[in-house]
Amino acid sequence: DLLALTASDAELRDYLLLVGLESELYSKKKAKNFSLGMKQRLSIAFALMSNPEFIVLDEPMNGLDPVGIKNVRDLILKLNAEKGTTFLISSHILNELDKVASTYGFISHGNLIEEISAEELLKKAKGFTKIVLEESLTKESVALLEEFTYELISPTVLRVTDEKVAQKIFQTLINADVKVKEFNVERETIEDYYLQVISGGRK
């Protein structure tokens with residue numbers, strides 16, 4: 001009533017079907033007893049009743065368990081694909097956004113400091129190699145790696161931004177009989193990128 005929205009029972013069922021709340025299991029349950037994820041989906045169903053082209057979601061993943069996060073994420077993708085609905089999502093759970101977002105806007109202290117497409121972000125996000133050792137790096141091993149540039153994340157984890165340097169470090173460790181558990185090429189997360197942007201570390 002507050003939104004001056006009206007819908008028939010059949011239309012309400014359609015909205016609930018759209019957000020995955022149409023089954024008897026949910027229809028017999030009071031909304032106040034819904035899980036947080038179900039309440040999020042119900043809120044989206046209410047928003048859809050006015051046939052919007054644009055929906056703003058404030059922290060839609062906040063407080064949800066992994067299953068709830070996936071359900072809300074899948075719903076956003078479904079509505080975008082099937083109904084062409086555009087979503088503006090405000091969230092601090094940055095690494096979940098890369099599964100749904102096509103454009104990012106990074107805000108710090110109320111100011112938009114960068115707007116970037118998902119494609120652009122993928123190109124700009126730096127790659128790095130993570131080397132995980134079986135045991136902590138010894139003083140002797142550190143001395144062997146003195147000529148190389150790397151970051152020691154923990155006593156057993158090295159992060160190397162230059163792939164060729166990473167290969168040389170790997171070979172040096174193997175030659176010194178240091179057991180390497182993992183050698184993986186990875187990429188910065190959205191959170192990594194954001195933290196560098198707000199610290200002024202990106203151009």
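Not measured: the values here are computed from a predicted model. Throughout, numbering of the chain's residues begins at 1 and tracks the sequence.
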Quick one: are the ring centres of Phe106 and Tyr193 less than 6.0 Å apart? yes
Check whether any side-chain heavy atom of [X] lies under 4.5 Å from a side-chain heavy atom of [Y], and answer yes or no.
X	Y	answer
Leu18	Leu48	yes
Leu133	Ile131	yes
Val100	Leu77	yes
Phe54	Phe87	no
Lys83	Glu53	no
Ile89	Leu97	yes
Thr172	Leu145	yes
Asn71	Leu64	no

Salt bridge present between [X] and [Y] (N-O < 4.0 angstrom):
X	Y	answer
Glu114	Lys124	yes
Glu135	Lys179	no
Lys70	Asp74	yes

Would [X] end up clustered with [Y] when hydrophobic side chains under 4.5 Å apart are linked, directly or stepwise?
X	Y	result
Phe183	Phe148	yes
Ile93	Ile107	no
Ile55	Met49	yes
Phe128	Val157	no
Leu88	Phe46	no

Can you tell me if [X] uses its side chain to pair, donor with acceptor, with the backbone of [Y] under 3.5 Å?
X	Y	value
Asn111	Ile113	no
Glu115	Gly105	no
Glu163	Thr129	no
Asn184	Lys130	no
Arg187	Ala125	yes
Asn175	Gln171	yes

Check the surroundings of atom [atom1] in [X]: do more than 12 heavy atoms from other residues, nucleotides or ligands lie under 6.0 Å from it?
X	atom1	value
Lys181	NZ	no
Glu134	CD	yes
Glu186	CD	yes
Lys168	NZ	no

Exercise: do Gln196 and Asp192 side chains pair donor with acceptor under 3.5 Å: no
Nearest-0.5 Å distance that lies between atom [atom1] in [X] and atom [atom2] in [Y]:
X	Y	atom1	atom2	value
Leu152	Leu137	CG	CG	6.0 Å
Glu96	Glu191	CD	CD	12.0 Å
Ile44	Leu79	CD1	CG	6.5 Å
Ile190	Ser91	CD1	OG	9.5 Å
Leu121	Ser102	CG	OG	12.0 Å
Leu36	Met61	CG	CE	12.0 Å

Identify the two heavy atoms, one from [X] and one from [Y], that lie closest to each other, and give their separation to 0.1 Å.
X	Y	result
Asp65	Gly68	OD1-N, 2.6 Å
Leu17	Lys78	O-NZ, 4.3 Å
Ser90	Pro60	O-CD, 3.8 Å
Ala45	Tyr15	CB-O, 4.2 Å
Ser141	Val178	OG-CG2, 3.5 Å

Do Val180 and Ile174 pass the side chain to side chain contact (heavy atoms under 4.5 Å, CB included) test, and can you show the C-alpha distance, the side-chain angles, and the key distance before you say yes or no? CA-CA 7 Å; Val180 177; Ile174 294 299; 4.1 Å; yes
Quick one: do Ile153 and Glu151 satisfy side chain to side chain contact (heavy atoms under 4.5 Å, CB included)? Show the steps, please. CA-CA 6 Å; Ile153 304 297; Glu151 184 182 356; 3.7 Å; yes
Quick one: do Tyr150 and Val165 satisfy side chain to side chain contact (heavy atoms under 4.5 Å, CB included)? Show the steps, please. CA-CA 8 Å; Tyr150 64 92; Val165 171; 5.9 Å; no
